[in-house]
Each structure stands twice: as C-alpha cells, then as structure tokens.
Amino acid sequence: MTVRTRFAPSPTGPVHIGNIRTAIYNWLYARHTGGQFLLRLEDTDRERSTPEAVQNVLNALDWLGLSHEEEPLYQSQRREAHLEAAERLLSSGAAYKEDKGGRGQGEAVLFRMPGEDMSFQDIIRGSLRKASKDLPDFVIVRSDGSPVFHLANVVDDIHMTVTHIIRGDDHIENTFRHIALYRALGAEPPRFAHLPMIVNEQGKPYSKRDGAAFVGEFREQGFLPDALFNYLVLLGWSPGDDREVLTRDDMIECFELSRVQSAAARMDVRKLLWMNGEYLRRLPPETVAAECRAVLEARGLWSDSTPDTYYRRVIELMHERLKVFTDIADSGSYFFTEDYPVDEKAARKRLQKEGAAEKLKAIRDRFAALDDFSADALESALRATADAFGVGAGEFIHPVRVAVSGLPGGPGLFEMLELLGKERVLRRIDRALTRPGAA
RNA sequence: GUCCCCAUCGUCUAGAGGCCUAGGACAUCGGGUUUUCAUCCCGAAAACACGGGUUCGAUUCCCGUUGGGGACGCCA
C-alpha cells in the first residue's frame, strides 16, 4: 500500500513555524516512501477561518516547495459526509443522542467509547496507553447540527485514505478517540507519529508576542526557503551522521520518522542565520542581485539610475559578507546613498584619534592628485603615503574606511574606493574632516 | 485537581549495555590567513538532572524524585 500523508491546518491565521515543520515532515516522509502528500484545509470554524489565512497556507507551502498531490480538500464542503457518518454510527449503536444543555436547544450526538483500556504504537513515542476511565464518550455532532473536529477529521482521513498521520503531540490524547472512531466506522486505523513542539528562544511555548514565529516573517526578513527548510528539518531530526547542510534529495533519501526526537526543540535564530549564510553564499550572483534589489527598494535605497555594472560590482563585493538579503541595506547602504549611518564606536577609534585628521587630509590630497583611480593605483598611493609618515598602512586604511563607509569592516578598501569613484570618495573624506569632533 | 508525555554541552543533536577519555554543528573564547569585516584553517572551554535498582559493567534497561510541557470544549 502506498503511503499517503496529509497536512491539515485550520486556516485561522498566519502559518506558524511549528505547523510548517509538521508539513515538512509529512512531505518528506511521503517523498521518502514514494507516496503522496495531501492537503486539507480544516476550515469548519466559521468564525475564525478566513480566505486570507487559506491563501497564507498556500503561499507558505509554495514558498518552501512543499508540493502536494491532488486538489486540496476543504473540510467545510464535507459536511454532508460527516453527518452521514454520524447517522451510521447512530444506527449501529456506536453513537447516541443526549441533551447536555449545550449550544442551541436539542440533543447532541455523542460517540460511545468502547469501554476498555486502549493503546497504540506511535512511530516516534512507542507504546502509548490510556485507561478506559480516562476515555469518556464525547460529542461528535453539536446540538445545532454541526459536526465536531474529531468526527470530521477521522471521516476525512478515511475518505482521503491517509495511511500515516504525522501531527503535533498535542493530539496524542485525541488519538485514542480517533482510533475508536475508525473502528466504529469500519475502517483500519492509520499509523500515527506525534511530533514534539517547537518552543521559542526562551524555551517557552510560542505566543503571539514572540517574533520569529510565522513563516511569513522569515520570508520578510530575507531568509531563504531552502535554508529555513534545512534548519527546520534538523530541529527534531538528524540524518544520523554529521551532515548539517543537506540537499532536498539527501533529506528525502534518508528521512526516517523513527529518528525524530521526542523532546521539544528550541528555536535558535543564530543557527538559522548561519544556515542561511551557507545557502546564500552558494547562490548565483544574479539571484543575490535580484533579491538584494528588492530589499533596497523596500528600504528606499534603490535608484533606477543605478548603473547595472556598478550594481553588479557591489553585489560581487558584498555577496560573501551577507547572511540574509536584508544585510545589504544594513552593511552596504553607503553604496547607494550619501545618507549612510556612521558607526559611533568606529568613528571614535579611527577618526577622532590624535593625528587622524592630519593623515586623512594627507591621503585626501594624494587621492585628489590621482588620474588613475583604480584599486592598484589607490593601494600604491596609500602605501607610499604611509611610508612617508613612517607608519603602517593600517593607520591610513582604517580612517579612510570609516570616513567613506561609516563602518569598521567591509569589502577590500581599494576595490571599494575604486567602485565608489573619485568624486564621492573625496567628498566623503572632506565631510569626515569637517564633522565635529574629527580632530 | 486528574490523566498523559518529555529529560545528553548555552542551543540543535550523535549515542540503541562495554567501541565514551561522551562525537558533530551553531554560539562563545583563543590563534592563523586578510588592510578591516566576512570566508577559510587550527585550537579551547562546555553535557549524560538527581536518587535507587537490574547487571561483571550503565548515558543507554526498570522504578522513584525533581524540573519542563501537553490534554482534560457542543475550538480545531
């Protein structure tokens, strides 16, 4: 029998990082076994489900490359099937009506639990059991006639012939009810695998207040889908060897549910950043250029008059220094505007030191006299000046860098100066010289 | 309150009774490379929650304690 897994989110808000990892594991397991990965929108909560949230789910899956087989099933359209199943349970005696004084007036339909202790083999947790006394009957159709989650969920999973249910461990207790429903409906229960939660960086359950909780946020912050995917896969699972950066094919090949961790995992944005850098550095320059441009536009740093050759060179110089695309706006803004921020600490150390102004002035004049403003020419000019002063080149390099970029680090100074061009370099040095405190 | 689940470096993990002097990755610290930053290379510090068993031998098995988390809806 071919494996069929499903991702069944309820579209009530942005897709959470924990949810999407569940989707990833479902997808990976289906691909690993040559099976199918299905999608079901559990949109039966009329008050909280929205079309925007549905779109958000679809976008998140698409962004991460989590392709699914068949058309998505909208649970709200399956109401008749759910109610029909309830009728069957009623007529077989597996369910009964009772007025528990709930929503609306009239009777709800309750499912009759088997009245015996239950257990099942979870692929990740092993044997899980529950005593009969802790498994009370429960409502499957409300007194207003609407089906309840447990019923809809099971009926739809049977309908979709799902063979492996991979979901969050907050569903462990529900599983006993679901298995009982499967049996009463005359269906063979699927295999279950319950995933641990992902907790925030403080080790607490995620709440709405936590940043870095929704897939869309990572996208906005300039993270790459493949990097987020790779990071998330490793959050609770490992290939069993020392590999960390894995291709999609590698993951598909060696993914095993039995190797999934049973303890909750904590989100670590620093490692995610590292992972993103790994992927970003391997990207072709055109891609980096396009993504960075989007960031620059969003930050108001982009001008359509930026020469293509100039921009390409900026990306060449910055590429390996980026961990996320948004870094281009933080550590490369001086390539695009005169209004770049100046690192106070660097300015104090390099520009306001004894004798800094004198050296800066000397090198400014030396640069001004240059006809050839190439990196090589700039370098020999600067080194000659340093020699004349009887000091190391660093005594000139650092102040110039801070004056021209406002930052303590960045691409090779001479390439940077050449790219910026004579006019801008001289203007910026002059400005640094006149800045208060630059003595 | 009742029931259930979980527990290896700060974090993610390897480890399925002797191979463990507990391995890797991120982060941290030190060194090398670089004009700087980043990359890259080398190195350091850093963990089996605690207490009982079982065993010739426990990080690995069992029980308890502690600590965390979850479920107890006519929400999904």
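By convention in this document, chain letters (A, B, ...) are assigned in the order of the sequence lines, proteins followed by strands, and residues within each chain are numbered from 1.
In this structure, A/Leu273 places its CG atom 12 Å from P of B/U39, rounding to the nearest Å. Whole-Å rounding puts the A/Arg321 CZ to B/U34 P distance at 15 Å. Taking atom CG of A/Asn276 as the reference point, atom P of B/C26 lies 15 Å away to the nearest angstrom. For the pair A/Met275 CE and B/A25 C1', the computed distance is 9 Å after rounding to whole Å. Atom pair A/Arg350:CZ and B/C37:C1' shows a separation of 12 Å (rounding to whole Å applied). Atom OH of A/Tyr334 is separated from atom P of B/C37 by 14 Å (rounded to the nearest Å). Per the geometry, CG belonging to A/Leu246 stands 13 Å off C1' belonging to B/C12, to the nearest Å. Protein atom CG of A/Leu228 is 18 Å distant from nucleotide atom P of B/C26, rounded to whole Å.
Among the protein residues, A/Glu42 comes within range of the sugar-phosphate backbone only, with heavy atoms under 4.0 Å from sugar or phosphate atoms but none that close to a base. Across all strands, A/Pro205 comes closer than 4.0 Å only to sugar-phosphate atoms, never to a base (heavy-atom distances). Residue A/Gly392 is out of contact with every strand shown, counting any heavy-atom pair closer than 4.0 Å. The residue A/His171 sits close to a base: some heavy atom pair falls under 4.0 Å. A/Ala265 comes within 4.0 angstrom of sugar-phosphate atoms only, judged by non-hydrogen atoms across all strands, and of no base. Residue-level contact check: A/Leu413 touches the bases, meaning some heavy atom is under 4.0 Å from a base atom. Backbone-only engagement by A/Gln261 is indicated by non-hydrogen atom pairs under 4.0 Å involving sugar-phosphate atoms exclusively. Across all strands, A/Arg281 comes closer than 4.0 Å only to sugar-phosphate atoms, never to a base (heavy-atom distances). Using a 4.0 Å heavy-atom distance criterion, A/Asn153 is classed as making no nucleic acid contact. Nucleic acid contact class of A/Arg40 (heavy atoms, under 4.0 Å, all strands): none.
Ring geometry, A/Phe37 versus A/Phe7: the interplanar angle falls under 30°, so the pair is classed parallel (tilted spans 30 to 60°). Using a 30° and 60° split on the angle between ring planes, A/Phe255 and A/Tyr25 fall in the tilted class, from 30° to 60°.
With ring centers used as reference points, A/Phe111 lies 6.0 Å or more from A/His178. Between A/Tyr231 and A/Phe223, the distance from one ring center to the other does not fall under 6.0 angstrom.
Other residues, nucleotides and ligands contribute only 12 or fewer heavy atoms inside 6.0 Å of the CD atom of A/Glu71. More than 12 heavy-atom neighbours from other residues, nucleotides or ligands sit within 6.0 angstrom of CG on A/Asp241.
Side-chain contact of A/Arg401 with A/Ser405: a donor-acceptor pair under 3.5 Å is absent, judged by distance alone.
Which of B/U35, B/C4, B/G24 sits closest to the side chain of A/Glu173 comes down to B/C4. Taking every side-chain heavy atom of A/Ile172 into account, B/C4 is the closest of B/A27, B/C4, B/U11. The side chain of A/His398 approaches B/U36 more closely than any other nucleotide in the set B/C74, B/G24, B/U36. When distances are taken from the side chain of A/Ser238 to each of B/A25, B/U13, B/U11, the shortest belongs to B/U13. For A/Arg270, the side-chain atoms get nearest to B/C26 when compared with the rest of B/U35, B/C26, B/A7.
B/A49 and B/C6 have their P atoms separated by 15 Å, with the value rounded to a whole Å. The same atom, C1', is picked in B/U33 and in B/U13; the two are 31 Å apart, to the nearest Å. Comparing the C1' positions of B/G15 and B/A7 gives an interatomic distance of 15 Å, to the nearest angstrom. Spacing of P atoms, B/U65 relative to B/C20, comes out at 35 Å, to the nearest Å. Nucleotides B/G30 and B/C63 place their C1' atoms 46 Å apart, quoted to the nearest Å. Comparing the same atom, C1', in B/G69 and in B/C62 gives a spacing of 23 Å after rounding to whole Å. Between B/G68 and B/U28, the two P atoms lie 29 Å apart (nearest whole Å). Separation of the P atoms belonging to B/G51 and B/U60 is 12 Å when rounded to the nearest angstrom.
Taking the nucleotide of RNA chain B with the nearest heavy atom to each of A/Trp274 and A/Lys323, the more 5' of the two is matched to A/Trp274. Summary of the strand contacts: A/Ser262 and A/Arg401 both lie near RNA chain B, and taking for each the nucleotide with the nearest heavy atom, the more 5' one is attributed to A/Ser262.
Across every strand in view, B/C3 sits in a pair with B/G70 that passes the Watson-Crick or G-U test at under 3.5 angstrom. For B/C50, the paired base is B/G64 (Watson-Crick or G-U wobble, both distances below 3.5 Å).
Annotation for A/Pro9 and A/Leu39: closest pair CD-CD1, 4.1 Å, computed over non-hydrogen atoms.
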